[in-house]
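Computed over heavy atoms, backbone and side chain alike; hydrogens, waters and symmetry mates excluded. Letters A, B, ... are given to chains in the order of the sequence lines, protein chains preceding strands, and every chain is numbered from 1.
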Amino acid sequence: MSEPTSENTEKPLNFLEQIISDDLQNGKHKNILTRFPPEPNGYLHIGHAKSICLNFGLAKKFNGKCNLRFDDTNPEAEDVEYVDSIREDVRWLGFEWAGEFYASDYFQKLYDYAEDLIKKGLAYVCDLTPEQFRECRGVPTQPGKESPWRNRPAEESLDLFRRMKAGEFEDGKYVLRAKIDMASPNLHLRDPAMYRIKRAHHHRTGDTWCIYPMYDFAHELSDEIEGITHSICTLEFEVHRPLYDWFLDALNTPHRPRQYEFARLNLTNTVMSKRKLRRLVEEGHVNGWEDPRMPTISGMRRRGYTAAAIRDFCERIGVAKRENIIDLALLEHCVREDLNQTASRAMAVLDPIKVVIENYPEGQTEWLEAANNPSDPQAGTRKIPFSRELYIEREDFMEDPPKKFFRLSPGREVRFRWAYFITCKEVVKNDKGEVVELRCTYDPATRGGDAPDGRKVKATIHWVCAQNGKPVQARLFDRFFLKENPDDVPEGMDFISNLNPASLVEKTAWVEPSLLEAKPLEHFQFERVGYFCADRDSKPGAPVFNRTVSLKDSYKPA
RNA sequence: UGUCCGAUGGUGUAAUGGUAGCACAAGUGACUCUGACUCACUUUGUCUAGGUUCGAAUCCUAGUCGGACAACCA
């Protein structure tokens, strides 16, 4: 009924929104075009999600568009498997790209641009080996030395460059360099490489090319070719910006994309480097990029994180230029908030202790009605079986309860959710003194969970019927897999030694029979336990549940 | 003993010379057929030192601390 949200309730613009808003207002641009430019050399992770939400979100907010561009200029590392996974992940996150492009689409144009630069005397073919050139480049505090090939005549460079392309030389024999400034305090301007000879099979262009452009040459020109207005990247490219602009100036291109940088996402207890994630996969510490413990988009999807939650998270973390480490608790909060509204409730017992209802008829089973989501009547109800022998969670019973423990203990009455009020009469132990069974009674008048006489209980606990309940595999993941924050690991120590061995515990859980019908990637809240998601690879009748995130527990034993 | 970038509660992020706000986290209480959710309340902050100004988180100067940069990776 209320009016659409007006200006006064709008969030203040972040610095990128401000820049775009200004550009639009002062007429610098009529339409904006952004791009998300991953290299297809790995799977996307939560850090990429920030960039995706930024680029697509900015475009959407200002009625512009966003391209998906694969920055595939280094064929050695790249593969179609990664292209496919990236497309799937971006789409799953809820974004549609205006155009799908590949830097490799522009290889010919880029080559032509490179010839232009050579003809203008702004690029030259250099014979130096990487080691020799490193020597010339020097250190930031001292000017470098010029390559002896720097002033090679343009015709000679052009000839060599054409022969590089024609495949006349072995890999690494020559490199094409931009002729900029060997004395610049910015090392990236000390005659950076533009092209290298590399005989590698490219996943799109095959063996057409044996020379490939470097990022610094390809990126701003790809932006230019597509007509990108705002080229948004992470902070480590800040020092590349003068180069970005240099190439555009040198070629006097019709479009002038601008590069803006933001601080990348860091998450507590989370590996966020593609290089390290690749190691986890290649060394077999995890089961592939889509392992539910991985902070990859596909891993989180499989674990049960929702796209809406990830988008919300990216919105909440904001964007700025200062280094940051976001508390994982915020991500988990976003996941809980989304799942709380959408996930069906179910009862499951992870660590069972048997309960026998002494005054309940042997052999009888009754089917009780339970709401699928009490806060959402639309979610409907389901039937759950109840009989004389049940399982409850071991931690929901204490023989000698402290003051603030409200759940089951000898002599105390609690509610079994959707069922009856139950009173514990007797504790049965084994030789070792461990509790193995609880003898209880029920009050038939409290069927469904309400006492006609109006008496109250302090706690409601979950349970599963021992006869009709079903065992399933439940994977209890810890919060990703680092024991400590990446920053807290001592210098020089391998991050592998920081992996959390408790990050995956598999155990048998007892669940309502209806859960055997769970569909892959279907979400549930196991009441009072946590949010779970049927595994992507689950089979009907035998699902495996991954724990997405625990419920918050406000009871803390003293 | 270089260049560039940055610095606001525990963690993030606003305030664009005029009341330091919001979220997460933490704590207290209320409610509850989930000790969840929800609701109410509370604790905690402008790196330092100078300067400009009626007034500075914001502008200036110096310092301190943190980060990035020396692939034929992106």
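For B:U32, there is no paired base (Watson-Crick or G-U wobble, both distances below 3.5 Å). The base-pairing partner of B:G2, taking Watson-Crick or G-U wobble contacts with both distances under 3.5 Å, is B:C69. Checking B:G55 for Watson-Crick or G-U wobble geometry (two distances, each under 3.5 Å) identifies no partner in any strand. Pairing of B:A62, defined by two Watson-Crick or G-U wobble distances under 3.5 Å, is identified with B:U48. Applying the Watson-Crick and G-U wobble criteria (two distances, each under 3.5 Å), B:U19 pairs with nothing in any strand. When both pairing distances are held under 3.5 Å, B:C24 makes a Watson-Crick or G-U pair with B:G10.
A tilted orientation is assigned to the rings of A:His219 and A:Tyr244, their planes being inclined by 30° to 60°. In this structure, A:Tyr111 and A:Trp209 have tilted ring planes: the angle between them lies in the 30° to 60° band. Using bins of under 30°, 30° to 60° and over 60° for the plane-to-plane angle, the ring pair A:Tyr106/A:Phe101 lands in the tilted bin. Relative orientation of the A:Tyr442 and A:Phe386 rings is tilted, given thresholds of 30° and 60° on the angle between their planes. Between A:Tyr215 and A:Phe237, the two ring planes are tilted [angle within 30° to 60°].
Distance noted for atom C1' between B:G45 and B:G51: 24 Å (whole Å). Comparing the P positions of B:A74 and B:U61 gives an interatomic distance of 38 Å, to the nearest angstrom. Between the P atoms of B:U11 and B:G50, the separation comes to 26 Å (whole Å). Across B:C5 and B:C60, the matching P atoms stand 13 Å from one another, rounded to whole Å. Nucleotides B:C24 and B:A14, compared at atom C1', are 15 Å apart to the nearest Å. Going from the C1' atom of B:G21 to that of B:U46 covers 13 Å, rounded to whole Å.
Put simply, the residue from A:Ile180, A:Asn186, A:Leu248 that forms a side-chain contact (heavy atoms from CB on, under 4.5 Å) with A:Leu243 is A:Ile180. For the salt bridge (charged side-chain N to carboxylate O under 4.0 Å, His left out) criterion with A:Asp127, the lone passing option out of A:Arg150, A:Arg152, A:Lys173, A:Arg177 is A:Arg152. The salt bridge (charged side-chain N to carboxylate O under 4.0 Å, His left out) test with A:Glu236 singles out one residue from A:Lys321, A:Arg241, A:Arg264, and that residue is A:Arg264.
Along RNA chain B, the nucleotide nearest to A:Ile326 and the one nearest to A:Ala459 differ in position, and the one closer to the 5' end is contacted by A:Ile326.
Using a 4.0 Å heavy-atom distance criterion, A:Gln525 is classed as a base contact. Within 4.0 Å (heavy atoms only), A:Phe421 reaches no atom of the nucleic acid at all. Base contact: A:Glu527 has a heavy atom under 4.0 Å from a base atom.
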- Heavy-atom protein contacts under 4.0 Å, nucleotides 69-74 of chain B, coded B base, S sugar-phosphate only, - none: SBSBSB

- Message: For a quick check, with a 4.0 angstrom heavy-atom cut-off, what is the B/S/- contact string for nucleotides 13-26 of chain B, read 5' to 3'?
- Response: BS--------SSSS

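For A:Glu393 and B:U34, the CD to P distance is 17 Å, given to the nearest whole Å. When the C1' atom of B:C31 is taken as reference, atom NZ of A:Lys458 falls 13 Å away, rounded to whole Å. Residue A:Leu265 contributes atom CG, which lies 13 Å from atom C1' of B:U11 at whole-angstrom precision. The distance from atom CZ of A:Phe416 to atom C1' of B:U34 is 14 Å, rounded to the nearest whole Å. The distance between atom CZ of A:Arg190 and atom P of B:C4, rounded to the nearest whole Å, is 14 Å. Rounded to an integer number of Å, the gap from A:Gln341 CD to B:A36 P is 17 Å. Between A:Phe406 atom CZ and B:C31 atom C1' the separation is 13 Å, expressed in whole Å. The nearest whole Å value for the distance from the CZ atom in A:Phe526 to the C1' atom in B:U34 is 14 Å.
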- Item | Residue pair A:Ile461, A:Glu393: steps toward the side-chain contact (heavy atoms from CB on, under 4.5 Å) verdict | CA-CA 8 Å; A:Ile461 66 176; A:Glu393 208 71 66; over 6 Å; no

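Residues A:Asp191 and A:Tyr124 have side chains that bring a donor and an acceptor to within less than 3.5 angstrom of each other.
More than 90° away from 0 lies the glycosidic angle of B:A26, which makes this nucleotide anti.
The number of heavy-atom neighbours closer than 6.0 Å to NZ of A:Lys198, taken from other residues, nucleotides and ligands shown, is above 12.
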